[in-house]
2 protein chains.
Amino acid sequence: VIKIKDITKIYKLGDIEVPALCGVTFKVKKGEVISIMGPSGSGKSTLMNIIGCLDRLTSGEYILDNEDVSNLDDDQLAQIRNQKVGFVFQNFNLLSRSTALANVELPLRYAGITENRIEMAQKALESVGLGDRIHHKPPELSGGQQQRVAIARALINNPAIILADEPTGNLDSRSGDEIMELLLGLNKDYGTTLIIVTHDPKIAARTARTIQIFDGLIKESKS
Amino acid sequence: VIKIKDITKIYKLGDIEVPALCGVTFKVKKGEVISIMGPSGSGKSTLMNIIGCLDRLTSGEYILDNEDVSNLDDDQLAQIRNQKVGFVFQNFNLLSRSTALANVELPLRYAGITENRIEMAQKALESVGLGDRIHHKPPELSGGQQQRVAIARALINNPAIILADEPTGNLDSRSGDEIMELLLGLNKDYGTTLIIVTHDPKIAARTARTIQIFDGLIKESKS
Ligand SMILES: Nc1ncnc2c1ncn2[C@@H]1O[C@H](COP(=O)(O)OP(=O)(O)OP(=O)(O)O)[C@@H](O)[C@H]1O
Ligand SMILES: Nc1ncnc2c1ncn2[C@@H]1O[C@H](COP(=O)(O)OP(=O)(O)OP(=O)(O)O)[C@@H](O)[C@H]1O
Ligand SMILES: [Mg+2]
Ligand SMILES: [Mg+2]
C-alpha cells in the first residue's frame, strides 16, 4: 500500500542545507505491522512525516494506495491525511486549551461526523485507560497521559494506516504493553497497517519486520 | 540534603480535587544517585516539581539543605532553583524561537555570568553530541535532540542537584547510555546529587537506589 523510492529530504536553514533523508526505498503491504528504529537524529520522524503526507519529499517518489502523492498540493495532502492516516506525533501536538475529550473528538468533526462524537471520543479515551481524565486539559495531565490522548486521537477515525512515532516513550512498560495490545488488536480486527517508530527493542520485537535507519539511509530490514 | 515528610499534593480543577501525592516521605543524601519509577500518572513529575521548587506541596514538610522550603514565596523558590537545581523537564520546556545555543546559555545569564557564556554553552552541547546543531531552533531538531538540549541546559551551571524527568525517553539506547555516562560522571567528579525519573529498568539499574511510586504513594525503595 505504501511504496517509497529514492526519497531524499533536505531541510533548508537560511543558506545551510541539512540532509535528513539521503535516498530511502521500501514498501509496506496492506495490513503489515512494521517498526522503524535508529539513532536519535537519523531521520525517522522525517520519514514518518513524508509517509503521513505532513511534509514533502525533496526528491524521489511516493506511491500511496496506487496514487502518486509526491507532487500533490497542500489541500490534496490534507484530504489524504484525514481519510487514510492516523498519526501519533512524537511531541503529541495536542491543543493545550482543549480537554482530552475535545482533542480526541476533533478528527471526527473534520471527517464530517455529526452523531455520537462525544460517546466515541469517550470510548477511545477509556480504551487507553483515561476514562477518568476526559475533562483534563493537556497541562493537567501527566506526560504519559498526554501521549495516550494523542494515541486515542489517532485511532478515533479507524484509519487504514496508523503511523505512531515513539508511542510508548513516556509510558511504563505495562502501559506500553497495553498500547501495543490495542494497536495489534486493530491490525488483527480491521487489517490496519501499522508503522511504529520506537527506541524500545521489546516493542520492535512485537512487529513483523524492523527497518533500521542510520544517517538518513536504510541500513537493514529484518523480520 | 533532601528531606521530604508526608508530602501531599492535591490539584484543584474547578470544584474537583485530584490527589496526585498522598503522603510521600523519603530522604536523599548529598551525592546520592537515585531513580524513581512507577506507572504513568502515579505522581513522579509532581514529586519532582516539588523537589525542584517549581510547585508547592499541599501539606507536609520539605527540608532542602537544612532549610525549610515548604512555605517560601515565589521569588525565594526561584532563587533556590537557580542556585541549586538543574531540571530536565519531561516535555523539555525549550524556547522554540531561540537556538539550541541560546536555550543552553539562558541559565548562565540568570546566574549573572558575563564571560565566556557562548563557549560554555557550546561545550555543553558538544558533551551531549549536538556540536553540529547549535544554531538549530527546537522545531528544527529531532525529538531526541530537543531532549539533549534540555539536558545540556540543566547541566550548564554545574548545579548541586540534578533532577531529570525521563531524560532518555526519546533516545536510542546508545544515546541514552551516553547521557547516563555524562550524568554519572558529574556525580563522580563533583558529587552532584542525581534524581532520575525513568521508565527504563536499565537506567534504574545504574542508580544506587530505586523508589517505586504507585498512586501517589511510595510502594517500596530498594537498592
Ligand atoms: N495541573 C493538574 N491538574 C490536575 N491534575 C493533574 C495536574 N497535573 C497532573 N495531574 C494529575 O496528577 C497525576 C500525577 O501526574 P504526574 O505528572 O505526576 O504523573 P507521572 O507519574 O509523572 O506520569 P508519567 O509517567 O505519565 O509522566 C496524574 O493522574 C495527572 O492526571
Ligand atoms: N526543520 C528542520 N530544519 C533543519 N533540520 C531539521 C529539521 N527537522 C529535523 N532536522 C534534522 O534532521 C535530522 C533528522 O531529524 P528526525 O526528526 O527525522 O530524527 P529522528 O530519527 O526522528 O530522531 P529522534 O529519535 O531523536 O526523534 C536531525 O539531525 C535534525 O536535526
Ligand atoms: Mg523523531
Ligand atoms: Mg511524568
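The figures here come from the full heavy-atom set of this structure, side chains too, leaving out hydrogens, waters and symmetry mates.
Other residues, nucleotides and ligands contribute more than 12 heavy atoms inside 6.0 Å of the NZ atom of B:Lys84.
The closest side-chain heavy-atom distance from A:Ser40 to B:Arg148 is below 4.5 Å. In this structure the side chain of B:Asn91 never reaches within 4.5 angstrom of the side chain of A:Gln146, judged on heavy atoms.
With chain B as partner, the option from A:His136, A:Arg174, A:Lys137, A:Met37 having the largest number of non-hydrogen pairs under 4.5 angstrom is A:His136. Contacts with chain A were tallied for B:Asn170, B:Asp132, B:Asp200; B:Asn170 has the most, counting heavy-atom pairs under 4.5 Å. Across A:Asp165, A:Leu141, A:Val18, the residue that shares the most heavy-atom pairs under 4.5 angstrom with chain B is A:Val18.
If you measure heavy-atom distances from B:Leu171 to chain A, the contacts under 4.5 Å come from both the backbone and the side chain. In this structure, chain A has heavy atoms under 4.5 Å from both the backbone and the side chain of B:Gln145. With a threshold of 4.5 angstrom between heavy atoms, B:Ser175 approaches chain A through side-chain atoms but not through N, CA, C or O. At a 4.5 Å heavy-atom cutoff, the contact between B:Ser142 and chain A is made by side-chain atoms alone.
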- Could you walk me through whether B:Leu13 and A:His135 pass the side chain to side chain contact (heavy atoms under 4.5 Å, CB included) test, one step at a time? CA-CA 9 Å; B:Leu13 278 193; A:His135 300 302; over 6 Å; no
